[in-house]
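For reference, positions follow the sequence shown, starting with 1.
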Amino acid sequence: SMFCNSGAEGTEMSLVLDDCTLTCENNCPAVVVENHLTASFESVTVNNCVIEYSKANSNVFGYPTSKIVEGTSAPEKTVFTGKNITVRNSVVYSKSQINAGIVSLGTNGYHSNSANIDIVVENNTLYNIAAPNTVARAYIAKSLTVKNNVAYYIGSAKSYLTAIYDTAN
């Protein structure tokens, strides 16, 4: 990962990436990744950036849900305390078609509690990025705004673009 909060102290952290050119290479699962047990970025904003993926299953923002919670021996649902993730006016691409995405909070096996998060993904261009839930995937979200995004890929890949699953009930 390019940016992570593994050594974070406190909970008022924000990250703004503006007018950047970034390449997510080798074993880079995400440009920004949350990997602290108790602290989350309060806000993550990616604006007017060009982001290249070279590895499948990459994301602009990823929250690993296989964290071992202190005092346990197996991964559990973790609480994501961030309030806002915004990816706007950016280009996300790969030189060859891969399965990847923009925002990923949780998986089928491990659900994150992200009930207070506002996710905004707008005015982005995706090229050669094709996979289920390409734009945003979250388990429980306060709000989701996805608009004016365009994606292009060749092939038979299936893309649902977004998925929000309410697993709290």
Side-chain angles (χ1 to χ4, degrees), residues 1-5 14-35 40-41 43-66 80 82-167:
S1 302
M2 294 181 195
F3 302 93
C4 68
N5 66 340
S14 290
L15 176 66
V16 176
L17 301 174
D18 198 14
D19 293 322
C20 298
T21 300
L22 306 164
T23 302
C24 206
E25 297 182 317
N26 302 324
N27 292 323
C28 179
V31 174
V32 180
V33 71
E34 290 275 355
N35 58 359
S40 299
F41 285 110
S43 170
V44 174
T45 301
V46 177
N47 185 56
N48 202 36
C49 292
V50 176
I51 301 166
E52 178 187 3
Y53 294 155
S54 63
K55 177 183 180 277
N57 302 315
S58 295
N59 288 284
V60 173
F61 181 89
Y63 182 71
T65 54
S66 58
F80 176 78
K83 303 290 185 218
N84 182 281
I85 299 170
T86 300
V87 181
R88 181 180 286 132
N89 301 324
S90 295
V91 175
V92 180
Y93 76 98
S94 177
K95 291 178 182 171
S96 58
Q97 183 172 314
I98 61 171
N99 291 340
I102 292 183
V103 174
S104 180
L105 287 167
T107 65
N108 287 336
Y110 301 107
H111 305 155
S112 298
N113 183 349
S114 49
N116 294 319
I117 190 77
D118 294 311
I119 301 171
V120 177
V121 181
E122 63 184 6
N123 302 328
N124 298 293
T125 300
L126 288 84
Y127 180 77
N128 275 336
I129 306 296
N133 314 322
T134 3
V135 174
R137 175 180 62 194
Y139 291 80
I140 310 171
K142 181 177 174 186
S143 72
L144 172 66
T145 302
V146 176
K147 65 181 184 178
N148 301 328
N149 297 288
V150 62
Y152 176 83
Y153 59 87
I154 296 174
S156 60
K158 187 190 306 184
S159 180
Y160 301 113
L161 297 181
T162 62
I164 300 294
Y165 309 97
D166 182 353
T167 61

Colleague: Do N149 and V121 have side-chain heavy atoms sitting under 4.5 Å apart?
Modeller: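 When only atoms from C-beta onward are counted, V121 and N149 do touch, with a gap below 4.5 Å.
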Colleague: Counting C-beta onward and ignoring hydrogens, is there a side-chain heavy-atom pair between I129 and I98 closer than 4.5 Å?
Modeller: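 Result yes, sub-4.5 Å side-chain heavy-atom pair found.
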Colleague: At what distance, to the nearest 0.5 angstrom, does OH of Y127 lie from CD of Q97?
Modeller: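 The OH atom of Y127 sits 9.5 Å away from the CD atom of Q97.
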Colleague: Between S90 and N124, what is the shortest heavy-atom contact and its length?
Modeller: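 It is N-OD1, 2.9 Å.
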Colleague: Identify, with sequence neighbours excluded, every residue that meets side chain to side chain contact (heavy atoms under 4.5 Å, CB included) alongside N47.
Modeller: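 By the side chain to side chain contact (heavy atoms under 4.5 Å, CB included) rule, N47 matches D18, T45, R88, N89.
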Colleague: Test your reading of the model: is there a side-chain donor-acceptor pair from Y53 to the backbone of N99, 3.5 Å cut-off?
Modeller: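 Checked: no pair found.
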Colleague: Using a 4.5 Å cut-off on heavy atoms from C-beta on, say whether the side chain of K83 contacts that of K142.
Modeller: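 Not touching, per the 4.5 Å side-chain cut-off.
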Colleague: Under a 4.5 Å cut-off applied to non-hydrogen side-chain atoms, are V32 and I85 in contact?
Modeller: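 No. Closest side-chain heavy atoms not under 4.5 Å.
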Colleague: Do V46 and I51 have side chains that get closer than 4.5 Å, going by heavy atoms?
Modeller: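 The answer is yes, as the side chains (C-beta and beyond) meet within the 4.5 Å cut-off.
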Colleague: Answer yes or no: is there a side-chain heavy-atom contact under 4.5 Å between I102 and L126?
Modeller: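 Counting from C-beta outward, I102 and L126 do come under 4.5 Å.
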Colleague: Please round to the nearest 0.5 Å and tell me the distance separating atom CG of L15 and atom OG of S43.
Modeller: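 Output value for this atom pair is 8.5 Å.
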Colleague: Any donor and acceptor pair, going by atom type alone, linking the side chain of N128 with main-chain N or O of S94 inside 3.5 Å?
Modeller: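 Side chain of N128 to backbone of S94: a pair is present.
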Colleague: Minimum heavy-atom separation for T145 and E122, please, with both atom names.
Modeller: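 Where T145 meets E122 most closely, the heavy atoms are CG2-OE1, 4.3 Å.
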Colleague: Output the distance between atom CG (D19) and atom CG (N48), rounded to the nearest 0.5 Å.
Modeller: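 Going from CG on D19 over to CG on N48, the span is 4.5 Å.
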Colleague: Report the distance from atom OH of Y93 to atom OG of S54, rounding to the nearest 0.5 Å.
Modeller: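 These two atoms lie 10.0 Å from each other.
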